[in-house]
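Following: one structure in structure tokens, then a few remarks.
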Amino acid sequence: MVDSREPASGIAAFVREFLGEPGVFSRVAGDGSKRIFWRIRVSESNGSYIAMENAPTDDFLKRENVAYLSIGRHLRDKGLPLPEIYRFDLDKGWFIMEDFGDVSLQTACLNAKERLPHYLPVVGILLQQQTKGSEGFNRAWTCQTETYDRHVMRRYEVDYFKEAFLGTYLGLSKDRPGLESNFDHLVEEASKADNRFFLHRDFQSRNIMITARKLESWTGKVAASGLWLTIWLHS
């Protein structure tokens, strides 16, 4: 879904100063996040850019923007396929970055007869991310917690699953006592794993884009050291 209205904030002028021409803005539909994304078409080069705005209206959002910038650049410096951030303003929460297109891994797989060829390189990228991403990683960049522990698993995975999936998506009561023992078991087992690697908690098919060059990942902000527990939805 594309919204052709221009931004109401000052990010349009920020982008146009960078481009040196007006550009054509279209809003890219979000998916469970408060961040706003815009695609800007550039007539002169027939190319496009992505602009993101995430107004730092509280301390958490300020940390989130620093994490987005710092972790994204860190992973890109390690040779991982994340968008290049061309310009940013942390005081405003504005970013201008490389455009990886609008074909996600999810879309590609839904339209493919064979899905395994799409997933094989993704697993390779995930392995590189978990190993290379931990090299020189500064835990102070994280915006929620520095490590992936029982608290994170409960608050940001289990509770989010109950709120977003059971409550919002399915319209069910999120108070499901019958599931608590299963959640406890998942958290307990996950807590036993080695956590000496980089974790990207949003490494999933809606965030992985397929371009003519390679697979890319949109996000770099939700990260910690620890185990990847896949009971969450896109956030």
Side-chain angles (χ1 to χ4, degrees), residues 1-56 61 64-112 117-119 121-122 125-126 128-129 200 202-223 234-235:
M1 180 180 176
V2 174
D3 186 338
S4 60
R5 292 175 297 175
E6 288 202 3
S9 66
I11 195 172
F14 178 71
V15 171
R16 284 170 175 147
E17 180 184 3
F18 166 75
L19 294 177
E21 64 170 281
V24 178
F25 286 76
S26 58
R27 184 164 173 175
V28 181
D31 195 8
S33 169
K34 293 181 180 179
R35 298 185 300 276
I36 299 173
F37 290 91
W38 300 89
R39 174 169 285 114
I40 305 97
R41 303 283 182 186
V42 182
S43 57
E44 188 172 310
S45 63
N46 200 31
S48 62
Y49 296 85
I50 290 292
M52 184 190 82
E53 49 184 324
N54 189 38
L61 292 174
E64 185 177 63
N65 287 336
V66 171
Y68 192 94
L69 175 66
S70 303
I71 297 173
R73 285 186 162 180
H74 169 74
L75 294 178
R76 185 176 171 82
D77 288 345
K78 295 298 180 181
L80 291 159
L82 271 82
E84 181 176 358
I85 297 174
Y86 300 116
R87 187 170 294 185
F88 61 90
D89 184 331
L90 289 176
D91 291 335
K92 300 286 181 56
W94 296 341
F95 296 80
I96 304 171
M97 67 192 84
E98 191 176 359
D99 185 4
F100 284 164
D102 54 9
V103 180
S104 69
L105 175 61
Q106 181 191 57
T107 300
C109 286
L110 288 174
N111 295 324
H118 287 302
Y119 274 95
V122 172
I125 292 172
L126 177 60
Q128 290 181 353
Q129 183 173 262
H200 190 311
D202 242 355
F203 192 88
Q204 47 99 344
S205 61
R206 284 176 154 177
N207 283 344
I208 299 168
M209 314 306 291
I210 298 180
T211 72
R213 295 172 296 147
K214 54 191 174 182
L215 291 160
E216 321 275 12
S217 177
W218 270 88
T219 61
K221 69 107 182 157
V222 185
H234 173 62
S235 61

Looking at E17, I want to see if its CD is surrounded by more than 12 non-hydrogen atoms of other residues, nucleotides or ligands under 6.0 Å. no
For a side-chain contact (heavy atoms from CB on, under 4.5 Å) with I40, tell me which candidate from I50, L19, I11 qualifies. L19
Close side-chain approach of R39 and D102, heavy atoms under 4.5 Å: yes
Quick test of your reading of the model: are R76 and E98 salt-bridged, counting only N-O distances below 4.0 Å? yes
To the nearest 0.5 Å, how far apart are OH in Y68 and CG in L90? 12.5 Å
Indicate, with yes or no, if the rings of Y49 and F18 have centres closer together than 6.0 Å. yes
Rounded distance (nearest 0.5 Å) linking atom CD of E53 with atom NZ of K34: 14.5 Å
Check whether any side-chain N or O of Q204 sits under 3.5 Å from a backbone N or O of R206 as a donor-acceptor pair, and report yes or no. yes
Report yes if the side chains of I96 and F14 come closer than 4.5 Å at any heavy-atom pair, otherwise no. yes
Do R35 and F95 have side chains that approach each other closer than 4.5 Å (heavy atoms only, starting at C-beta)? no
Steps toward side-chain contact (heavy atoms from CB on, under 4.5 Å) verdict (V15, W38): CA-CA 10 Å; V15 171; W38 300 89; over 6 Å; no
Can you find a heavy atom in the side chain of L105 that is under 4.5 Å from one in the side chain of Y119? yes
Donor-acceptor pair, side chain of T107 and main chain of V103, under 3.5 angstrom: no
Does any part of the side chain of F100, heavy atoms only, come nearer than 4.5 Å to the side chain of P81, both counted from C-beta? no
Working to the nearest 0.5 Å, report the span between OG of S104 and CG of L110. 7.5 Å
Side chain R41, main chain S48, donor-acceptor under 3.5 Å: no
To the nearest 0.5 angstrom, please state how far the CD1 atom of I208 sits from the SG atom of C109. 9.5 Å
Who pairs with R87 by salt bridge (charged side-chain N to carboxylate O under 4.0 Å, His left out), at least two apart in sequence or on another chain? none
If we ignore hydrogens and angles and just use 3.5 Å, is the side chain of N65 paired with the main-chain N or O of N54 as donor and acceptor? yes
